[in-house]
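Sequence lines set the chain letters: A, B, ... in the order given, protein chains first and strands last, and positions in each chain run from 1.
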Amino acid sequence: MTSASPETDETRYDFRAIEERWLPVWRKTQPFRAGDATDERPTKYVLDMFPYPSGDLHMGHAEAYALGDVIARYWTQRGFNVLHPIGWDSFGLPAENAAITRGLDPRGWTEDNIAQQRTSMERYACSFDWDRVLATHRPDYYRWNQWLFTRLHERGLAYRKHSNVNWCPKDQTVLANEQVVGGLCERCDTPVTKKKLNQWYFKVTDYADRLLDDLETLQSTWPSKVIAMQRNWIGRSTGADVRFAIEGREEPVDIYTTRPDTLYGATFFVVAADSDLASELAAGSDAALQSEFADYLDKVKSASEIERLSTDREKTGVFLGRYAINPVNGARLPIWVSDYVLADYGHGAIMAVPAHDQRDLDFARAMDLPVTPVVDVRDEEGEPLPDPRESGIATTGDGVLMNSGPLDGLDKAAAIETITAQLAAEGVGEATTNYRLRDWLISRQRYWGTPIPIVHCDACGEVRVPDDQLPIELPSAEGLDLKPKGTSPLGAATDWVNTTCPSCGGAATRDTDTMDTFVDSSWYFLRYLSPGKTDGPFDELDAKRWAPVDQYVGGVTHAILHLLYARFFTKALHDMGMIDFEEPFSALLNQGMVQMDGSAMSKSRGNLVRLSEQLDEFGVDAVRLTMSFAGPPEDDIDWADVSPAGSAKFLARAWRLARDVSSEPTVDLTTGDAALRAVTHRTLHDAAELVEGFRFNVVVARVMELVNATRKAIDSGPGGADPAVREAAEAVAMLLSLFAPYCAEDMWSMLGRENVARAGWPTVDESLLVEETVTCVVQVKGKVRDRLEVAPGIGEDALRELALASPQVQRTLDGADIRTVIVRAPKLVNIVPA
RNA sequence: GCCCUCGUAGCCCAACUGGCAGAGGCGGCCGGCUUAAACCCGGCUCAGUGCGGGUUCGAGUCCCGCCGGGGGCACCA
């Protein structure tokens, strides 16, 4: 690069002038373009979660990108070839809803927002590689969604089924389980209801075990909170299937239980009200019961998720007048239907053991059904727990089996083992595993998404669109009514819908649903690796070179959804032989949120802080530095508690150091003042460790210390001409380049150098880190009585003698006998009197 | 209801595998610079770590029980 350094005003720190000076330079030099295949530096893939283009950047983006940038810029300084890309998660409801409200074309609205966000990111000095941007709403991206869908479909991992799905009455679309939060639609907070529809799914449950077990490999590099949430979400439970004969029905019915040991305590049988089995069994009973069942089913279906989930809800149900036979003892169990049994977990039917399951007990008490304890459960003192029949509290703990035939006298574990073996031997059951995790419902009845590449043909059925006909582009929104109405708006685009069957050439129609946008974000990290590729989603060699992501940075809001789906895609791609790793994100950092006055910012709350106003008032660097300095990255930042003005003040102070350096860039740094050099080198040494541990707030504090020490050296020490002052100022500039790139670049330029982002981390002189003496604390009975300046290498015996000889210690001891002396050389001696 | 986290100066936060409670900042106060103010420079102030026990030579750190804040899960048989 030739010297393009614009003139620097060397008298005062003016962040506006500095921003105007360097932004155009960086636009031209693109200092963060990733190195190509010939680059020999080791690679590092640092990824920030990509934003929705639903307006300009806000404070939350500012925090996330400030922190991601610290990491990306750090590895660049450490000599790595860093890939730090950005793009837009640009399909989805926000664009569509905005289009509906304002009568705009979602495409135009989306592209405008992307342009605005990009400009803001450049101003914010994000260290992105601008040659690799992607936006998921563009055909050159979603084409590969369709291609990947096709691959999954070929493998039976994408399929369609009728089932009761979560339905948002406001957005008029189905929702994935993961998008129902507390019974409400994640997007609009409308109570979610159920609807029976034919929908597309990805078979995530095939990967349940691997998704769970592989969390082990992330134990030390992902937040334990996220791992716990994923584990909990997958919810593996082990138990047994048990086959119950049904009177008047040819086929037996399986139930799933985690407590086969309590089989002798089953007193009734419950079928999920909204299951097919319930309807079938009801149809076989008398007319009065049939209509009672029909009424109940109506009530269950109209209940919102919110009502269904409320815990203190009374148990309800209907007796079907039919009986199931307990395979272990032939007992006739009355069959009830109820909504407390879920249709889509296990087999949608349970054996009820009210003595040892609280839900069953609640139901038994509501319906006046018998309760038979079969486990003698005791408390810590060995006293029997109160009888559930009296207490109303089921005894769910371990204990000795009773009233259970061959199981009597066994404990829970032994009983489970025995009974499971017996069931298997008799062919009426076996050990099984169940998961809370359900398959991923990916179809949406909305316009702004990836069309599903399937054609429906009367003759051939469901036909995949051949790869060479992809992408199936979204038709223009013009003339389409995008308002939610329960079926996809694409259905009205008749020219688009009507097509020919790829298989037989006859008349056929396109599938009109679009994909969940979480499909888009499940593999975007791979697309960045091969931006222009037209014959595949990504290049396998590029993937080998860069992937998996070394460091992922984003909000904890995606702890379950996005991360689980991306992990699923990665495993599926691995099984297709396209990549050689099974986890997409080797390390994860969850940054907190930015709040104001103790709560999330929002227009309606009236506590919204505008990023653009903060940037205008304090400058980009001050805002970025404040984000890093506020506290640990995973903590929330309350903007009312922090001080961007203070950050600006500090940056000015740092900047003036460069102004006051009066030595030449060529000066021999090793000849500088030893004391200041020691501070500089210790800071450089510690900062590396601290950044890698995400302790950015501490790094900033240490840079502040270094700035203070350098200031002192200039004003009342060796002075601005001392080489140590130059060395310190250069270190400050290099370190600040991670947090405050404009200020750092300007300092660097004043110091007669170019391109601070690539300055490189100076080699730390280990000899400067060695301290000549250390302070040894001498305690008597744990209380500090004296401090000794000793050599770091002092021996235990010598130190013990020194400490005992201390006059302070002698005075405190006052002739008392000494019981023991604990010596931790060279830092501490503790003398314990008898 | 269950699980996970966090409680350190007026405020935001530091304190390595248990070892001098304070690195840094905000605020406040004092002084220097200034005709004055701002800026700037220097200095000072302020807690014994939410409460109660325990382990230990020694506890902010480990254990138990409370209290308070935040988060997650919630009929998954």
Nearest whole angstrom, please: distance from the [atom2] of [N] to the [atom1] of [X].
| X | N | atom1 | atom2 | value |
| --- | --- | --- | --- | --- |
| D344(A) | rC75(B) | CG | P | 12 Å |
| L651(A) | rG25(B) | CG | C1' | 13 Å |
| I234(A) | rC73(B) | CD1 | P | 14 Å |
| R436(A) | rG72(B) | CZ | P | 14 Å |
| I637(A) | rG25(B) | CD1 | P | 19 Å |
| L706(A) | rG25(B) | CG | P | 13 Å |
| I560(A) | rC3(B) | CD1 | P | 18 Å |
| F269(A) | rA77(B) | CZ | C1' | 12 Å |

Work out which heavy atom in [X] is nearest to a heavy atom in [Y]; give both atom names and the distance.
| X | Y | value |
| --- | --- | --- |
| T262(A) | M351(A) | OG1-CE, 3.9 Å |
| F696(A) | L67(A) | CD1-CD2, 3.8 Å |
| L218(A) | I227(A) | O-CD1, 3.6 Å |

Who pairs with [N] - Watson-Crick or G-U, where each distance is under 3.5 Å:
| N | answer |
| --- | --- |
| rG48(B) | none |
| rC62(B) | rG54(B) |
| rG7(B) | rC67(B) |
| rC40(B) | rG32(B) |
| rC13(B) | rG22(B) |
| rC2(B) | rG72(B) |

With a cut-off of less than 4.0 Å, is there a side-chain N or O of Y345(A) near OP1 or OP2 of rA77(B)? yes
Would you measure the distance from the [atom1] atom in [N] across to the matching atom in [M] and give it in whole Å?
| N | M | atom1 | value |
| --- | --- | --- | --- |
| rG48(B) | rG52(B) | P | 12 Å |
| rC29(B) | rG70(B) | C1' | 35 Å |
| rG19(B) | rG24(B) | C1' | 23 Å |
| rC62(B) | rC16(B) | P | 11 Å |
| rU61(B) | rU5(B) | P | 16 Å |
| rG28(B) | rC46(B) | C1' | 10 Å |
| rA74(B) | rG68(B) | C1' | 23 Å |
| rG32(B) | rA38(B) | C1' | 15 Å |

At 4.0 Å (heavy atoms only), tell me whether [X] reaches a base, stays on the sugar-phosphate, or touches nothing.
| X | value |
| --- | --- |
| S643(A) | sugar-phosphate |
| V270(A) | nothing |
| T775(A) | base |
| V832(A) | sugar-phosphate |

Charged N to carboxylate O under 4.0 angstrom, R243(A) versus E430(A)? yes
State plainly whether the residues R16(A) and D14(A) are in salt-bridge range, i.e. N to O under 4.0 Å. no
Atom pairs, protein N/O to nucleotides 17-19 of chain B N/O, distance under 3.5 Å:
residue, atom, partner, partner atom, Å
rG19(B), O6, R824(A), NE, 3.4
rG19(B), O6, R824(A), NH2, 3.4
rG19(B), N2, Q779(A), OE1, 3.2
rG19(B), N2, N830(A), ND2, 3.2

Go through [options] for me and flag the one nearest to the [X] side chain.
| X | options | answer |
| --- | --- | --- |
| Y256(A) | rA77(B), rC75(B), rA14(B) | rA77(B) |
| M704(A) | rA74(B), rG24(B), rC13(B) | rG24(B) |
| P632(A) | rA14(B), rC75(B), rC57(B) | rA14(B) |

Under the ring-ring contact (aromatic ring centres under 6.0 Å, His included) rule, collect the residues that match up with [X], sequence neighbours excluded.
| X | result |
| --- | --- |
| Y207(A) | F568(A) |
| F618(A) | none |
| F269(A) | F244(A) |

Closest-nucleotide mapping onto RNA chain B: is V341(A) or N232(A) further toward the 5' terminus? I mean the 5' end. N232(A)
For RNA chain B, whose closest nucleotide is more 5', that of C776(A) or that of S647(A)? C776(A)
Output one line per pair: protein atom, nucleotide atom from nucleotides 39-42 of chain B, and distance, for all N/O pairs under 3.5 Å.
residue, atom, partner, partner atom, Å
rC40(B), O3', R656(A), NH2, 2.9
rC41(B), OP1, R653(A), NH1, 2.6
rC41(B), OP1, R656(A), NH2, 3.1
rG42(B), OP2, R653(A), NH1, 3.3

Which atoms of nucleotides 6-12 of chain B (N or O only) lie under 3.5 Å from a protein N or O atom, and what are those distances?
residue, atom, partner, partner atom, Å
rC12(B), O2', A630(A), O, 3.0

Flag for [Y]-[X]: side-chain donor and acceptor within less than 3.5 Å:
| X | Y | value |
| --- | --- | --- |
| W222(A) | Q230(A) | no |
| T396(A) | H356(A) | no |
| T267(A) | T372(A) | no |
| Y256(A) | T432(A) | no |

When syn is taken as a glycosidic angle within 90 degrees of 0, is rG24(B) syn or anti? anti
Mutual orientation of the aromatic rings belonging to Y340(A) and F363(A) [parallel < 30°, tilted 30-60°, perpendicular > 60°]: tilted
The reported gap from CG in N232(A) to CG in L212(A) (rounded to nearest 0.5 angstrom) is 10.5 Å
Any side-chain heavy atom of L423(A) within less than 4.5 Å of one from D241(A)? no
